[in-house]
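Naming convention: chains lettered A, B, ... in sequence-line order (proteins, then strands); numbering from 1 in each chain.
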Amino acid sequence: MTWNTPDDRKYAETDEWIILTGDSATLGLTDYAQDQLSDIVYVELPVSGETFEQGDIVATVESVKAAADVHMPMSGAVTEANSAIEDEPEKVNADPYGEAWFIKLTPADPAEIDSLMDADAYARHCAARDD
Amino acid sequence: MSALGSRLEPLVYDLSRPGRSGAPLPEPDVPHAELPSDLLREELGLPEITQLDAVRHFQRLSQLNHSIDTGFYPLGSCTMKYNPRINEDAARLPGFLHAHPLQEANTVQGSLALMYELQEWLKEIGGFAGVSLQPAAGAHGELTGILMMRAYHLARGDMARHKILIPDSAHGTNPASTTMSGLEVIELPSDGRGNVDVKALRAECGEDVVGLMITNPNTLGLFEEHIEEVVQLTRDCGGLIYGDGANMNALTGVIRPGDFGFDVMHYNLHKTFSTPHGGGGPGSGPVGVSERMADYLPSPIVAIIEEGDEKEPPLYGFAAPPKTIGRMKAFNGQFGVLVRAYAYIRIHGAAGLRANAEHAVLNANYLLSKVRAEYHLPFERACLHEFVVEGRWRGAPDVHALDVSKRLMDFGFHPPTNYFPLIVHEALMIEPTETESRETLDAFADALLQIAATARDNPEELRGAPHTTPVARMDEVRAARQLVLCCRPKFLSEPAQAPYT
């Protein structure tokens, strides 16, 4: 089994992706995560202005199989939450790397991005867990 | 009303006709008095229905259901064993059945004697110094235990502890109880054999640890191979040990959790000691505690107030442990469940309880040995009372554990627990219990093997299952995304809720 891992972004061990553009970053859940969870039925997002440390739980998703936490790959302040996925959680299954982004944030320490995996390393991380 | 409801069985409200009643009431033989008008509610719209219509309604509903009395129920982690009818006879003895929780203690000495003896037996079975019968079910026992552990540290002036360590294979109730107690959950990974990862535990042990919650055997049905080391590491940093007794059916009469060094453990009387649960009845989650925790037990516990002698039985009453965390439940626990568990323990005795645990383990291993050629076992070990296999095959990418479970219903079996524990892909968690015959286990194994073959040859048959049940496969995704209650009684006039936000 293989999962989509676009190489324009970085990945956390806990199955979040993040794209850094200037002072802002966008965070979402990976294809592997949505596939493992199966049909997602509920998403809970933070509100703008909340700040989190790297590794903190920033959102929660619930599928017909399980509930899972979404962690902050980098420390920072939330600037926008994608309420569209709260209304239509199925978007996380349909388009995890596009329309179904979770939050935008202002990273507190952009250098933290170096602690994350690139697409190849993350693809191997997924494959290793499938056995 | 939905199409489903009209086809199978209407709501009791739809059977209601004005003026009908279930039984004629005699004229009162006391002076007539009106209820205060502010206590009367017009809008309740209770159904008006004859006794016969009521009997048929509920009988038909019961026939749409699956129960222990109708078929095998291998729902992992739930210990769906047979509930002997003599337990029911005991619980219906008039002295127990009609006792009122507000009666004076001297008028319910029999009930208190039963509770006292049950406390003593649970102490002996678990190797504990004290027991409270109050908690209403397993998770309530967990909450009780965590609050006691917190109180223990606070009473010693140790204010810095706020973390509870919990393996990633734990029941979801463990982190929930911890969070409800205001403490922080630290998840511990499992090692390659399904045990707690001792290295990870060592790294988390410190002076901020309240304690560890551990289930043994764990939810994979595996005995913790390093239990002594796990307990010692936690104790060395000043932490307490909470045992989740959900899987006690594997150990009863064989090993005493108190001897591992557990400080608190809840029993699930409704699982281990055979009382109807799930859709059939309430739980009961007494906690047993070590010597150092006994003073913190919920209040009250049943105690001997005056010792008896050759002529007189002892006088039973209630007592408050000196540093009690207070009351955890109104009145005295789930008393009817306590009576059933008492009857079960008394009938089996020490040797019988041990034999039951051994048979539970034997049945699980027998079943595992019959199906493991076709179902991947993630941790290659003998199991205890239950086992977890994967419901997926390389040659059948579109078949999932859920499809296996749904197809099992066509064979007349209740599905196993699905998708738990979370650390196993497509988990099927199977607990046969000791009360099933070899013939039943063989039939279930045959069904599982047949389903594995169908997964490769005809996956569509599985994906469309069940085919023979009163209700076909539910659209679980839609049901979870659009929480609209369609079967609203007619008297509720507000419109149905919009999909939940």
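Residue-environment remark: CD (B:Glu207) stays at or below the threshold of 12 foreign heavy atoms within 6.0 Å.
Chosen from A:Glu90, A:Gln36, A:Arg129, the residue pairing most often with chain B at heavy-atom distances under 4.5 Å is A:Glu90.
Of the two parts of A:Glu88, neither the backbone nor the side chain holds a non-hydrogen atom closer than 4.5 Å to a non-hydrogen atom of chain B. When heavy atoms are compared at a cutoff of 4.5 Å, B:Arg478 does not approach chain A at all. For a residue to count as touching a neighbouring chain, one of its non-hydrogen atoms must lie under 4.5 Å from one of that chain's; by this rule B:Glu390 does not touch chain A.
Residues A:Glu112 and A:Ser75 bring a donor and an acceptor atom of their side chains to less than 3.5 Å of each other.
Taking the six-membered ring wherever Trp is involved, the centroid distance between the rings of B:Trp393 and B:Tyr375 falls below 6.0 Å.
Between B:Asp410 and B:Arg407, at least one side-chain N (NZ, or NE/NH1/NH2) sits under 4.0 Å from a carboxylate O, which counts as a salt bridge.
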